[in-house]
Structures are given as C-alpha cells and as structure tokens.
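We're numbering straight along the sequence, starting at 1. These values consider heavy atoms only, across backbone and side chains, with no hydrogens, waters or symmetry-generated copies. Computed from a predicted model, the values in this text were never measured in an experiment.
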Amino acid sequence: MTERTLIVIKPDGVRRGLIGKILSRFERKGFKIVELKMFKMSREKAEEFYSVHKGKHFFNELIDFITSGPVVAAVLEGRNAIEVVRLMIGSTDSSKALPGTIRGDFGLEITENLIHASDSLESYKREYKVIFE
Ligand code: CMP
C-alpha cells in the first residue's frame, strides 16, 4: 500500500554532514521525497513533537538535543513506507542497531541517534501537523 511517513534528521546528523547520505538511502530504496524542510525546532515545537515522552527520564535531555541545531524534516512516499522506513533506521539505541541500518552504520548513541521516523499512521498524522502545518 502506498503511504507516507515523516522523518527528521536530527542535529547530530546535520552537524556531521550526513543529510545527503541519509536522504540518498531512502531515494535508492525507491521512496519519493514529497516534502522537505530544514529548520531549527523551537522548544515549544519540540515539546509538542515529543509529547508522548513527557515525564520520561530522558525528556529534558532529548528536548535540549533536538533544539541544539538545525534539523531536516522530510515526508517520504512509497509502498509500506511507515514500516520500511522504521526498518531502515534501526533500533533506537544505535549501539544495538543492526549493520545496514542508518543508526547501525553511522552511530553509537541513544539520544544522539541521527534520525526519527513515525512509528504509526497516527504518529505520522500528528507529527506532520506539528512540523509541516
Ligand atoms: P526517537 O525515535 O526520535 O524517539 C524518542 C527519542 O528519545 C529517541 O529517538 C532518542 O533520541 C531519545 N532517547 C533518549 N534516551 C532514550 C531512551 N532511554 N529510550 C528511548 N529513547 C531515548
């Protein structure tokens, strides 16, 4: 089923010069980039974007990090996009992410894990509103 998902290349990915490498993996796989935006998240937007994690022990560190520099958000379109893109980014803890995934190939950290991707259609709709509307 053709569907859409949202990714955010986090400040570590942008600082390390990995925007092109990360986006090209999705293009190589066959996804179409239908929206693309580079911007710095305000604290307000960040807290809204990550509202499901409010109250968790890593929340403050996460908000400090995601607002620490520009991010690149994109909407990707293709077959089973939500599930496939999650597979391509790998486990949240980059030290446990499999080689061949983005986190597995480029990172070792948990908070600074390079990229976010929507985990469900509901998350996609909510996150799209926060970032693109
Ligand atoms: P992300 O997939 O964007 O969703 C929540 C983010 O919180 C996660 O990636 C990490 O960047 C960050 N995070 C920091 N510590 C943890 C943790 N212990 N478990 C899950 N996510 C964490």
Side-chain angles (χ1 to χ4, degrees):
M1 185 185 55
T2 299
E3 63 185 10
R4 290 184 173 192
T5 192
L6 179 145
I7 61 141
V8 177
I9 302 174
K10 300 184 183 185
D12 57 333
V14 174
R15 272 195 285 270
R16 289 176 54 195
L18 296 174
I19 300 170
K21 281 204 173 74
I22 291 172
L23 290 179
S24 72
R25 286 187 173 217
F26 295 119
E27 290 190 311
R28 187 176 66 182
K29 181 71 177 166
F31 289 112
K32 209 160 100 183
I33 298 171
V34 294
E35 296 199 47
L36 185 65
K37 175 171 155 181
M38 186 171 190
F39 67 108
K40 196 161 177 281
M41 259 196 223
S42 64
R43 277 197 96 78
E44 193 189 357
K45 281 267 174 218
E47 288 184 11
E48 206 183 335
F49 186 75
Y50 278 128
S51 57
V52 293
H53 298 296
K54 216 167 202 157
K56 294 189 184 159
H57 67 92
F58 57 83
F59 186 72
N60 288 341
E61 186 189 351
L62 175 61
I63 299 302
D64 286 345
F65 164 58
I66 205 73
T67 57
S68 68
V71 299
V72 172
V75 175
L76 305 178
E77 185 180 272
R79 187 158 174 258
N80 295 330
I82 293 172
E83 187 188 345
V84 175
V85 169
R86 290 285 291 187
L87 281 174
M88 288 175 71
I89 74 174
S91 306
T92 303
D93 181 345
S94 306
S95 74
K96 300 197 173 96
L98 292 176
T101 65
I102 292 168
R103 289 165 174 163
D105 287 349
F106 295 112
L108 268 179
E109 304 302 321
I110 302 185
T111 298
E112 301 205 3
N113 63 0
L114 295 157
I115 180 163
H116 168 89
S118 308
D119 64 5
S120 65
L121 183 58
E122 295 66 43
S123 301
Y124 165 70
K125 287 179 182 160
R126 196 184 60 74
E127 291 167 4
Y128 182 86
K129 278 198 190 109
V130 176
I131 289 182
F132 283 101
E133 282 181 0

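Taking CD of E83 as the start and OG of S120 as the end, the distance is 12.5 Å to the nearest 0.5 Å. To the nearest 0.5 Å, atom OH of residue Y50 and atom CD of residue E127 are 8.0 Å apart. Considering NZ of K54 and CG of L62, their distance stands at 12.0 Å, rounded to 0.5 Å. Separating the CG atom in L6 from the CG atom in D119 is a distance of 11.5 Å, to the nearest 0.5 Å. One distance of note links CE of M1 with CG of N80; it measures 6.5 Å at 0.5 Å rounding. With values rounded to the nearest 0.5 angstrom, I89 atom CD1 is found 9.0 Å from I7 atom CD1.
Linking ILVMFWY side-chain heavy atoms closer than 4.5 Å, directly or via other members, places L76 and M88 in a single hydrophobic cluster. M41 and L36 sit in two unconnected hydrophobic clusters of ILVMFWY residues. Membership requires side-chain heavy atoms under 4.5 Å apart, directly or through other members. When the side chains of ILVMFWY residues are joined at heavy-atom separations under 4.5 Å, either directly or via intervening members, F132 and V130 end up in a single hydrophobic cluster. In this structure, M38 is a member of the same hydrophobic cluster as I102, with clusters built from ILVMFWY side-chain heavy atoms closer than 4.5 Å.
The minimum heavy-atom distance linking S68 with P11 is given by the pair OG-CB, 3.6 Å. Here the shortest heavy-atom pairing between N113 and T92 reads ND2-O, 3.2 Å. Of all heavy-atom pairs between I66 and V71, the closest is O-CG1, 4.0 Å. The shortest non-hydrogen separation linking A46 to T67 is CB-CG2, 3.7 Å. Taking both residues in full, the closest heavy atoms of A73 and I131 are given as CB-CG2, 3.7 Å, listed atom of the first, atom of the second, then distance. Closest approach of R15 and F65 over heavy atoms only: NH2-CE1, 4.0 Å.
Here the side chain of R126 pairs a donor or acceptor atom with the backbone of F49 at under 3.5 angstrom. Put simply, the side chain of D105 gets close to the backbone of G100: a donor and an acceptor are under 3.5 Å apart. Remark: side-chain polar atoms of E3 are paired, donor with acceptor, to backbone N or O of A81 under 3.5 angstrom.
For the pair F106 and I115, the minimum side-chain heavy-atom distance is 4.5 Å or more. In this structure, the side chains of V84 and F26 stay at 4.5 Å or more apart for every pair of heavy atoms. L108 places none of its side-chain heavy atoms less than 4.5 Å from the side chain of K96. Residues L87 and T101 form no side-chain contact, since every pair of their non-hydrogen atoms from C-beta on lies 4.5 Å or further apart. Contact check for V85 versus K29: no side-chain heavy atoms found under the 4.5 Å cut-off. Annotation: side chain of T5 is not in contact with side chain of F31 (no heavy-atom distance under 4.5 Å). A heavy-atom distance below 4.5 Å is not found between the side chains of E112 and K10. When side chains are defined from C-beta on, E47 counts as touching I63, because their heavy atoms get closer than 4.5 Å.
The number of heavy atoms from other shown groups lying within 6.0 Å of NZ (K37) is above 12. Residue E109 places its CD atom among 12 or fewer non-hydrogen atoms of other residues, nucleotides or ligands, all under 6.0 Å distant. For NZ of K56, the number of neighbouring non-hydrogen atoms (other residues, nucleotides, ligands) closer than 6.0 Å is greater than 12.
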R43 vs D64, test: side-chain contact (heavy atoms from CB on, under 4.5 Å). Steps then yes/no. CA-CA 8 Å; R43 277 197 96 78; D64 286 345; 3.0 Å; yes
Take I9 and L23, measure what side-chain contact (heavy atoms from CB on, under 4.5 Å) needs, and give me the verdict at the end. CA-CA 9 Å; I9 302 174; L23 290 179; 4.1 Å; yes
With side-chain contact (heavy atoms from CB on, under 4.5 Å) as the criterion, how do V8 and V72 come out once you've worked through the C-alpha distance, each side chain's angles and the decisive distance to 0.1 Å? CA-CA 6 Å; V8 177; V72 172; over 6 Å; no
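The aromatic rings of Y128 and Y124 sit tilted, their planes meeting at an angle between 30° and 60°.
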